[in-house]
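Read through the structure below, which is laid out as structure tokens, and then see the notes.
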Amino acid sequence: MLQVAVIREQTNKVLDGLRKRNFKDAETLVNEVMLIDQRRRDTQKQLDDLKAKSNIDSKKIGELMKAGKADEATSLRATVSADKENVKTLEGELDALEKKQQELLYKIPNVPNEKVPAGFGADDNLKVYEHGTVPKLHDGALPHWDLIKKYDIIDFDLGVKISGAGFPVYKGKGARLQRALINFFLDEAVKIGYREIQPPIVVNETSGYGTGNLPDKEGQMYFVNEDGLYLIPTAEVPITNLYRDVILSDEDLPIMNAGYTPCFRREAGSWGAHVRGLNRLHQFDKVEIVQIRKPEESYQALEEMCLYVQGLLEKLELPYRKLLLCGGDMGVNSAMTYDMEVFSAAQQRWLEVSSVSNFETFQANRLKLRNKSKEGKTQLLHTLNGSALALPRIVASILENNQTPDGIRIPKILVPYTGFDMIN
RNA sequence: GGAGAGGUGGGUGAGUGGCUUAAACCAGCAGUUUGCUAAACUGCGGUACUGGGCAACCGGUACCGGGGGUUCGAAUCCCCCCCUCUCCGCCA
């Protein structure tokens with residue numbers, strides 16, 4: 001959520017930014033926010049003045065009573081009673097204006113960083129780096145959805161039987177590969193200074209609003225109606241919400257947390273071509289890295305987080321490219337996002353395996369996540385997060401890219417974790 | 001699931017309608033003193049919205065779990081809700 005003061009004071013910058021997203025209603029919404037804001041402030045001023053007067057009068061009544069001047073007290077009492085009617089009216093107006101303003105603010109996406117290219121969609125993203133070479137596969141190479149059947153390591157039919165489509169059952173070496181990747185990702189993160197966190201995988205409504213998953217993506221989360229809880233779509237939600245309503249001091253920063261959780265996504269309406277096998281699931285595993293930074297350091301941190309993720313892909317020997325997302329392809333909360341895509345040799349496509357974003361103050365504003373410096377200045381902090389990494393597409397890529405006529409080769413770095421070097 | 005207790009500032013914790021501008025203590029910050037440390041003494045506190053001012057700064061309003069009500073006036077009285085803790089029961 002953008003700050004009203006930013007919209008008011010940097011209107012053109014906000015509008016220019018939103019234009020890069022091709023966000024259609026930008027001017028209408030921004031103008032409406034500013035109009036409501038002006039009325040809100042006027043109303044508040046009136047209300048505050050009237051309350052100040054009533055407060056003084058009320059105190060005076062007490063003094064008059066004590067002094068035995070009952071007549072004067074009675075007439076003043078009538079005045080305050082009359083003022084109170086106006087207070088009620090004004091309070092009603094103010095409340096309505098605040099609600100309206102909040103609603104409008106929820107509809108306005110984040111302002112992209114100046115480096116973010118304008119654009120409509122995936123085709124306008126900017127390739128900023130590419131690493132590795134695409135392996136040449138042998139004749140008869142298979143996509144991963146056939147490989148998992150051939151080696152009996154992931155079973156979609158069993159998942160359908162006990163849960164439904166999109167809930168795979170990992171078996172034998174398939175299950176052990178999952179566990180190996182999770183441990184590898186966590187170990188690597190801890191090694192460079194992230195603190196490991198194991199959060200709950202259901203969150204309350206307030207947390208959903210804190211990270212901006214509500215009210216926007218209501219239908220994308222599984223909801224436990226009985227208890228009013230949401231299954232998390234990513235560890236970003238609980239881990240970032242740890243810092244909701246928190247004022248951090250300089251010594252607390254930077255915050256670097258990493259956590260593994262299963263992730264649950266309803267993916268309502270998003271099934272179609274290219275979502276076979278592991279490409280899109282309702283439940284999957286992911287290690288997420290989350291940072292909280294001072295504004296002046298956040299873009300440096302974003303680059304560092306990318307380099308870390310790239311390092312993981314290199315250790316796993318996977319060919320990848322790094323994209324700077326254009327305005328139109330970025331999530332609504334983000335100010336700047338890099339995507340990492342791994343080339344899947346059998347599918348002959350790039351698969352997104354990681355998304356690393358700087359949200360600037362957009363989440364912090366909702367979370368009320370602030371920093372109070374030694375000088376006593378309070379400011380909103382910047383939040384950042386990235387997948388490091390999500391498992392399914394990494395597994396798909398490893399299976400496809402490393403297949404040989406004799407079986408699937410496990411990347412060297414993972415062998416100590418899996419305890420085997422071939423799936424055959 | 002049953003019963004009970006409780007939610008007050010960074011922490012502990014007082015506060016039964018106006019003398020509360022939320023006591024006191026602890027922690028924190030600043031200053032005085034000091035050869036240094038410690039101690040003592042003095043002073044200062046939060047957050048949000050908002051008015052004036054280029055700013056330093058000076059004001060206003062709100063906030064005692066949340067929402068409503070009574071009253072000229074509510075941390076305090078009334079109603080509803082939420083949360084936490086303890087005990088019992090059940091259970092991994």
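Chain naming here is simple, since letters A, B, ... match the order of the sequence lines and numbering starts at 1 in each.
- Bracketed by its first and final contacts, the part of RNA chain B lying under 4.0 Å from non-hydrogen atoms of chain A reaches from B/rG18 to B/rG73 in 5' to 3' order.
- The 5' end of RNA chain B is approached more closely, in terms of each residue's nearest nucleotide, by A/K59 than by the other of A/K368 and A/K59.
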Side chains of residues 175-185 of chain A: which donor-acceptor partners sit under 3.5 Å, not counting sequence neighbours?
from	atom 1	to	atom 2	distance (Å)
A/R176	NH2	A/T418	O	3.1
A/Q178	NE2	A/D285	OD2	3.1
A/N183	ND2	A/R179	O	3.4

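- Every residue two or more places apart in sequence or in another chain that forms a ring-ring contact (aromatic ring centres under 6.0 Å, His included) with A/F223 is listed here: A/Y230.
- For the residue pair A/Q46/A/D42, the side-chain donor-acceptor check at 3.5 Å is not satisfied.
- Applying the 90° criterion around 0 to the glycosidic angle, B/rG45 comes out syn.
- If you check every strand for non-hydrogen atoms under 4.0 Å, A/K372 touches sugar and phosphate atoms only.
- Under the 3.5 Å distance criterion, with hydrogens and angles disregarded, no donor-acceptor pair is assigned to the side chains of A/Y308 and A/E304.
- Among the atoms of the strands shown, none is found under 4.0 Å from any heavy atom of A/K60.
- Within the nucleic acid shown, A/D57 has no heavy atom closer than 4.0 Å to any nucleic acid atom.
- Comparing the same atom, C1', in B/rG53 and in B/rG59 gives a spacing of 12 Å after rounding to whole Å.
- Contacts of A/T79 with the nucleic acid, taken as non-hydrogen atoms under 4.0 Å apart, are absent.
- The stretch residues 90-101 of chain A has no heavy atom under 4.0 Å from RNA chain B, so no residue of it qualifies as close.
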Name every donor-acceptor pair, under 3.5 Å, that has one atom in a side chain of residues 23-31 of chain A and the other anywhere in the protein, sequence neighbours excluded.
from	atom 1	to	atom 2	distance (Å)
A/E27	OE2	A/R19	NH2	3.3
A/N31	ND2	A/E27	O	3.2

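- Residues A/Y194 and A/Q291 bring a donor and an acceptor atom of their side chains to less than 3.5 Å of each other.
- Of the P atoms belonging to B/rA27 and B/rU76, the separation is 32 Å, rounded to the nearest Å.
- Taking a pair as Watson-Crick or G-U wobble with both distances under 3.5 Å, the runs of three or more consecutive pairs in RNA chain B are B:1-7 with B:82-88, B:10-12 with B:24-26, B:28-32 with B:40-44, B:46-52 with B:57-63, B:65-69 with B:77-81.
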Donor-acceptor pairs are to be reported for all side-chain atoms of residues 380-392 of chain A against protein atoms at under 3.5 Å, with residues two or more places apart or in another chain.
from	atom 1	to	atom 2	distance (Å)
A/H382	ND1	A/S298	OG	2.8
A/T383	OG1	A/Q363	OE1	2.7
A/N385	ND2	A/E236	OE1	3.3
A/N385	ND2	A/E236	OE2	3.3
A/S387	OG	A/S355	N	3.1

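- For the P atom pair drawn from B/rA74 and B/rG2, the interatomic distance equals 37 Å after rounding to whole Å.
- Both A/L47 and A/S54 sit near RNA chain B, but only A/L47 has its closest nucleotide nearer the 5' end.
- Every residue two or more places apart in sequence or in another chain was checked for a ring-ring contact (aromatic ring centres under 6.0 Å, His included) with A/Y170, and none qualifies.
- Using atom C1' as the reference point in both B/rU32 and B/rA39, the two lie 13 Å apart (nearest Å).
- The side-chain hydrogen bond (donor to acceptor under 3.5 Å, both in side chains) check on A/K99 picks up A/D95, with sequence neighbours excluded.
- Every residue was checked against the side-chain hydrogen bond (donor to acceptor under 3.5 Å, both in side chains) condition with A/T261, not counting sequence neighbours, and none meets it.
- Partners of A/Y320 according to the ring-ring contact (aromatic ring centres under 6.0 Å, His included) rule, which considers only residues two or more places apart in sequence or in another chain, are A/H131.
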Counting only pairs under 3.5 Å, give me each side-chain donor-acceptor contact of residues 148-159 of chain A, with atom names and distances, residues two or more places apart or in other chains.
from	atom 1	to	atom 2	distance (Å)
A/D152	OD1	A/K171	NZ	2.8
A/D155	OD1	A/D157	N	3.0
A/D155	OD1	A/L158	N	2.9
A/D155	OD2	A/K171	NZ	2.9

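- For the C1' atom pair drawn from B/rC80 and B/rC88, the interatomic distance equals 28 Å after rounding to whole Å.
- Between B/rA48 and B/rG15, the distance separating the two C1' atoms is 26 Å to the nearest Å.
- The same atom, C1', is picked in B/rG73 and in B/rC81; the two are 26 Å apart, to the nearest Å.
- B/rC63 and B/rU21 are spaced 13 Å apart, taking the P atom of each and rounding to whole Å.
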